[in-house]
Novice: 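Can you keep this structure in mind? I'll have questions shortly.
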Amino acid sequence: MANISVNLSKNRKQIPASDALGFGVHFTDHMLVMDYNLEQGWHDIRIEPYGPVQFEPSMMALHYGQAIFEGMKAFRAADGNINLFRARDHFRRFNNSARRVCIPEIDVEELLAGLKKLLEIDNAWVPSALGTALYIRPFIFATDQFLGVRPSHTYKLMIILSPVGAYYAEGFNPVKIMVEDQFVRAVRGGIGEIKTPGNYAASLLAAVRAKEKGFTQVLWLDAHELKWLEEVGTMNIMVKIDDQVITPPLNGSILPGVTRDSTIKILEQWHIPVLEKQISIDEVMQAGKNGRLQEMFGTGTAAVISPVGSIHYKEDSAVINHGVVGELSQKLFNEITGIQYGTRADTNNWIDTIKVSG
Ligand SMILES: *Cc1c(COP(=O)(O)O)cnc(C)c1O
């Protein structure tokens, strides 16, 4: 594996107080950088002071969107060490995203070693207050200076770190969601199953309109029939009906969430029936009306579990579990965050521990 060179920052920033973190607004002192060209492949893995990047206006990523990203978290464990959650799975998904948009794949073990080194160096930035974490954002973008649609010949990979506050600082807050019956997020055969910036640009207008109407999130339906549940905002969706948990299968337009996978594995270990099968919005609304819809929640790295309090579709709406957090949602949140902070057993080997001294 390549040697990771380190250039330490001479201007250390003030680390914000844990109650003033927000999400994605503060960045640590360092970042990981790596370059790609045709002659050398991925090379020159290094840690540098966090700061601006120079590029020409013709840089391809800006024009044609050839770029991908990941989002994962590290946590301060009770013993002072850093717990990195399912990093290999995130980097493997990073490579799946890379393949789909013709970006050359990275060496997962090399990048993991680089990330661990970055975390050691910016250790002081991993917050320790309840519910806080260090959000990790790896991304790759096309850097050829060229106008014309083709895969770039050069790329830059970066990992930046952002300490984030407790998502539920005031306790769990069930969200009001609106079923989007006009716009779609992704189509099968498209790029919905990878983390690439265009998907998020495509989702903005629907999200803005839903917010204007007083809703927190959009529930996306499939693009072919506008009938089947796909995702909620930038999370995977699960419903509990008749004591069974149902989540849409990974059909090609749904992002394969790591939290979705963690949730399914935990439910199986608890012997709670969980089905990956298509479920229609009509069935969900019907179950909401006749009391069979017990719980509904989104899953994703940022919020972990995000309970849905009410759902609105065309002229119809349904309140779920009286608008309060369901028992299973709470239990799953406690279990996953417990594993992340190291207070519950990591029986699935999801944690990489980074030992830090004093
Ligand atoms: C990232 C993301 C998710 C959740 O994935 P996690 O790995 O659980 O964070 C779900 N849907 C979309 C569209 C996403 O971008």
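Ligands are counted one by one from 1 in listed order, and the atoms in each one are counted from 1 as well.
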Novice: Starting from atom 3 (C) of ligand 1, find the nearest protein heavy-atom neighbour and note its residue, name and distance.
Specialist: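 Looking at atom 3 (C) of ligand 1, the protein heavy atom closest to it is T234 O, 3.3 Å.
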
Novice: Evaluate side-chain hydrogen bond (donor to acceptor under 3.5 Å, both in side chains) for N321 paired with Q294, printing each intermediate quantity in order.
Specialist: CA-CA 6 Å; N321 196 38; Q294 297 155 305; over 6 Å; no

Novice: Is the charged tip of K73 near the ring of F85: under 6.0 Å from the six-membered ring centre and within 45° of its axis?
Specialist: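 So K73 doesn't make the cation-pi contact.
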
Novice: Heavy-atom contacts with H90 under 4.0 Å: which atoms of ligand 1 show up? List them by number with element.
Specialist: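 Near H90, meaning under 4.0 Å from one of its heavy atoms, ligand 1 has 7 (O).
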
Novice: Please list, in number order, the atoms of ligand 1 under 4.0 Å from a heavy atom of R185.
Specialist: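 That gives atoms 13 (C) of ligand 1.
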
Novice: How far is atom 11 (N) of ligand 1 from its nearest protein heavy atom, and which residue and atom is that?
Specialist: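 I find the closest protein heavy atom is E231 OE1, 2.5 Å.
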
Novice: What protein heavy atom sits nearest atom 2 (C) of ligand 1, and how far off is it?
Specialist: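 The closest one turns out to be K195 NZ, 2.5 Å.
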
Novice: Using the six-membered ring of Y341, assess whether NZ or CZ of R344 lies under 6.0 Å from its centre and within 45 degrees of the ring axis.
Specialist: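 Judged by the rule (NZ or CZ under 6.0 Å from the ring centre, within 45° of its axis), R344 is not positioned above Y341.
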
Novice: Where's the contact between M72 and ligand 1, heavy-atom distance under 4.0 Å: side chain, backbone, both or neither?
Specialist: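 For M72, there is no contact with ligand 1 at all, from either part.
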
Novice: Is there at least one pair of N or O atoms, one from T301 and one from ligand 1, spaced under 3.5 Å apart?
Specialist: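 There is such a contact, yes.
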
Novice: With a 4.5 Å heavy-atom cut-off, do R88 and L112 have their side chains touching?
Specialist: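 Yes; the side chains approach each other to less than 4.5 Å.
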
Novice: Using a 3.5 Å cut-off on N or O atoms only, is R93 in polar contact with ligand 1?
Specialist: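 Right, the criterion is met.
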
Novice: What atoms of ligand 1 come within less than 4.0 Å of a heavy atom belonging to Y200?
Specialist: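 Those atoms are 13 (C), 14 (C), 15 (O).
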
Novice: Does any N or O in the side chain of D144 come within less than 3.5 Å of the main-chain N or O of F146, such that one atom is a donor and the other an acceptor?
Specialist: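 Such a contact is absent between D144 side chain and F146 backbone.
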
Novice: Find all atoms of ligand 1 within a distance of less than 4.0 Å from any non-hydrogen atom belonging to G257, and give their numbers and elements.
Specialist: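 Counting from 1, the qualifying ligand atoms are 5 (O), 6 (P), 7 (O), 8 (O).
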
Novice: Once the angle between the rings of Y155 and W42 is folded into 0 to 90°, is it parallel (under 30°), tilted (30 to 60°) or perpendicular (over 60°)?
Specialist: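 Aromatic pair Y155/W42 classed tilted.
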
Novice: May I ask you to identify the nearest protein heavy atom to atom 8 (O) of ligand 1, giving residue, atom name and distance to one decimal place in Å?
Specialist: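 The closest one turns out to be T259 OG1, 2.6 Å.
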
Novice: Kindly confirm or rule out a cation-pi arrangement of K331 over W270, judged by NZ or CZ under 6.0 Å from the six-membered ring centre and within 45° of its axis?
Specialist: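 So K331 does make the cation-pi contact.
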
Novice: Once you measure the plane-to-plane angle for F141 and F139, does it fall in the parallel (<30°), tilted (30-60°) or perpendicular (>60°) bin?
Specialist: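 Ring orientation of F141 relative to F139: parallel.
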
Novice: When you measure from atom 7 (O) of ligand 1 to each heavy atom in V258, V232, L255, which option holds the nearest one?
Specialist: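 The option holding the nearest heavy atom is V258.
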
